[in-house]
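Please read the structure below before turning to the comments.
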Amino acid sequence: MLDPKFIRSNPDLVMAGLTNRGAEIAPVENFLSVDEEWRKLTAKIDERKARRNAASEQIAQLKKNKTDASKLLAEMKVLSDEIKTLEDEQKGFERQIEEIVMAIPNIPQATVPKGKDCRDNLQVRMWGEKRKFDFKPLPHDELGKKLDILDFDRAAKISGSRFVVYKGLGAALERALISFMLDLHIKENGYTEVMTPAMVLPESMRGTGQLPKFEEELFRCRDDELYLIPTAEVSVTNLYREEILPSGSLPIKHVAYSPCFRREAGSYGKDVKGIIRQHQFNKVELVKFVEPDKSNDELEKLTADAELVLKKLNLPYRIMQLCSGDLGFSAAKTYDIEVWFPSENQYREISSCSNFESFQARRANIRYRPAKDAKPEFVHTLNGSGLAVGRCFAAILENYQKADGTLEIPEVLKKYL
RNA sequence: GGAGGAGUACCCAAGUGGUCUAAGGGGGCGGUUUGCUAAACCGUUAGUGGCGAAAGCCAGCGUGGGUUCAAAUCCCACCUCCUCCGCCA
């Protein structure tokens, strides 16, 4: 969430930022008026409480001296009832403010290109040579079926649409990719591995920004207040929720493998073929907690760390900077990595690397001490896929297929298979 | 799932309705002393949010409610941890 004090003192800046991303500005105006009411009321309540505290001391003295206090008691009874009424009103305002502020998205950084949707995203760089095929490359799902390593029909039987069964070398390849990515980030890029729960409390979803606005995209348990994570970002970022990290502990860099669960509500008819868009998929996620003035540098590094996976696999890709209108709810700046799919003759997203600045840290109350006895400040959080394993699997099938319908194995994966 | 017990500040811990403005100890920080270190002694130490120019005031003892003029303290619910029993990969 944004800092209420920042909204209060810079409403024009906030509204301009929201307009750039195509969001409503009404919540800001709404906030300003409720906030004003709340501040007035709070001052009023504090005043009355100060009076009550003073009277309490008097009553204690009177009782001690065995003097009659009934007049003061009666007075305080009235005052206390009044305080209670005002406090109920105050809680109402607080709930309203919380609801409003939690629904306001992050403000894009000044350097983020202005635009409406993904067509206005900016290509930052490209890498790799697109392979020249002397045959017509098959789409990954057809190839997977032919090789008997992907089974869509049986997956649909047991779980419905948008699921897949990996079989034989398919399962082995998926597993190899996970191990390869983890090892790379741990050994070469300096991340510490964590393996976290795939089910989390609503507070965690609020911490990273999935709730309260995007509940329809989540799988929820019927009998327990638990949600399946749509990305390891949720459980890993919330590791340090409600904590003050000691000075010198930043940056913290975690890598986590997790299954991810998404309802994909509203994407009917989109990417229905293949394993590009599934209700359950595997992902290796990179998450960083850094000092505020370093977060943009750290975003460049994080993106480079994710890119290294594709470089080692020799898969052509490009880096896109998302325009203001295409940014996710919590992000202030985002690079997407898109990998080449020869059968479709197009690039497709395989990673999204974002700087959330203090947006998630404030929601999740994650702070650090800049120096030993300094006051705590909110950290900046970042994350990025490093990478989406299923999409990487698909890209390997497509880019490494041979004319005879078999598959070449990327050099770096051989020791994992 | 059942039965007990416990949550107080960086840590340990006292506190069963009113100078609790939370005792005491440890640790940290600052100081005195000192050739240096240690010891001793003195001082200091919850983060945070709100109002205010400031002084200050208000909130805060796991969380949320309630009782009361007044709650760390009494009542209710919940959460977490510990011990034992049962079940279980």
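Every chain is numbered from 1, with letters handed out A, B, ... down the list of sequences.
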Check your understanding: Should the pair Asp141(A)-Lys273(A) be classified as a salt bridge under the 4.0 Å nitrogen-to-oxygen rule?
Key -> yes
Point to revise | side-chain hydrogen bond (donor to acceptor under 3.5 Å, both in side chains) partners of residues 4-33 of chain A, not counting sequence neighbours, each pair once | key: Arg8(A)-Asp35(A)
Review point. Between U48(B) and Asn365(A), is there an OP1 or OP2 to side-chain N/O distance shorter than 4.0 Å?
Key: no
Report all interatomic pairs (protein N or O, nucleotide N or O of nucleotides 51-53 of chain B) with separations under 3.5 Å.
| residue | atom | partner | partner atom | Å |
| --- | --- | --- | --- | --- |
| C51(B) | OP1 | Arg39(A) | NH1 | 3.3 |

Exercise for review: Measure the distance from CG on Leu72(A) to C1' on U68(B) and round it to the nearest whole Å.
Suggested key: 15 Å
Dump the pairs, protein N or O against N or O of nucleotides 70-75 of chain B, anything under 3.5 Å, distances to one decimal.
| residue | atom | partner | partner atom | Å |
| --- | --- | --- | --- | --- |
| A70(B) | OP1 | Ser80(A) | OG | 2.9 |

Practice item. May I ask you to decide if Ser352(A)'s main-chain N or O and Ser385(A)'s side chain share a donor-acceptor pair within less than 3.5 Å? Key: yes
Review point. Taking only N and O in the side chain of Lys84(A), is any of them less than 4.0 Å away from OP1 or OP2 of U67(B)?
Key: yes
**Study point:** Pairwise side-chain hydrogen bond (donor to acceptor under 3.5 Å, both in side chains) hits with a residue in residues 171-184 of chain A, at least two apart
**Key:** Tyr166(A)-Glu174(A), Glu174(A)-Asn282(A), Asp183(A)-Tyr416(A)
Revision key, fill the gap. Note, RNA chain B 5' to 3' with Watson-Crick or G-U pairs under 3.5 Å encoded as ( ), [ ], | and . gives ((((((((.[[[..)..(.....]]]((((((.......))))))..((((....))))..[[[[[..)....]]]]])))))))....
Check your understanding: Would Tyr347(A) and Tyr317(A) count as a ring pair (Phe, Tyr, Trp, His ring centres under 6.0 Å) if you check the C-alpha gap in whole Å, the side-chain angles of each, and the deciding distance to 0.1 Å?
Key -> CA-CA 7 Å; Tyr347(A) 288 96; Tyr317(A) 66 86; 8.6 Å; no
**Study point:** Distance test, side-chain N/O of Lys91(A) to OP1/OP2 of G65(B), below 4.0 Å
**Key:** yes
Exercise for review: Examine the side chains of Glu408(A) and Gln401(A) and answer whether a donor and an acceptor come within less than 3.5 Å of each other.
Suggested key: no
Point to revise | Pairwise C1' distance for U45(B) and A23(B), with rounding to whole Å | key: 16 Å
Check your understanding: For His140(A), which residues count as a side-chain hydrogen bond (donor to acceptor under 3.5 Å, both in side chains) partner, sequence neighbours excluded?
Key -> none
Study note, to complete from the structure: Residue pair Glu47(A)/Glu57(A) against RNA chain B: nearer the 5' end by closest nucleotide is Glu57(A)
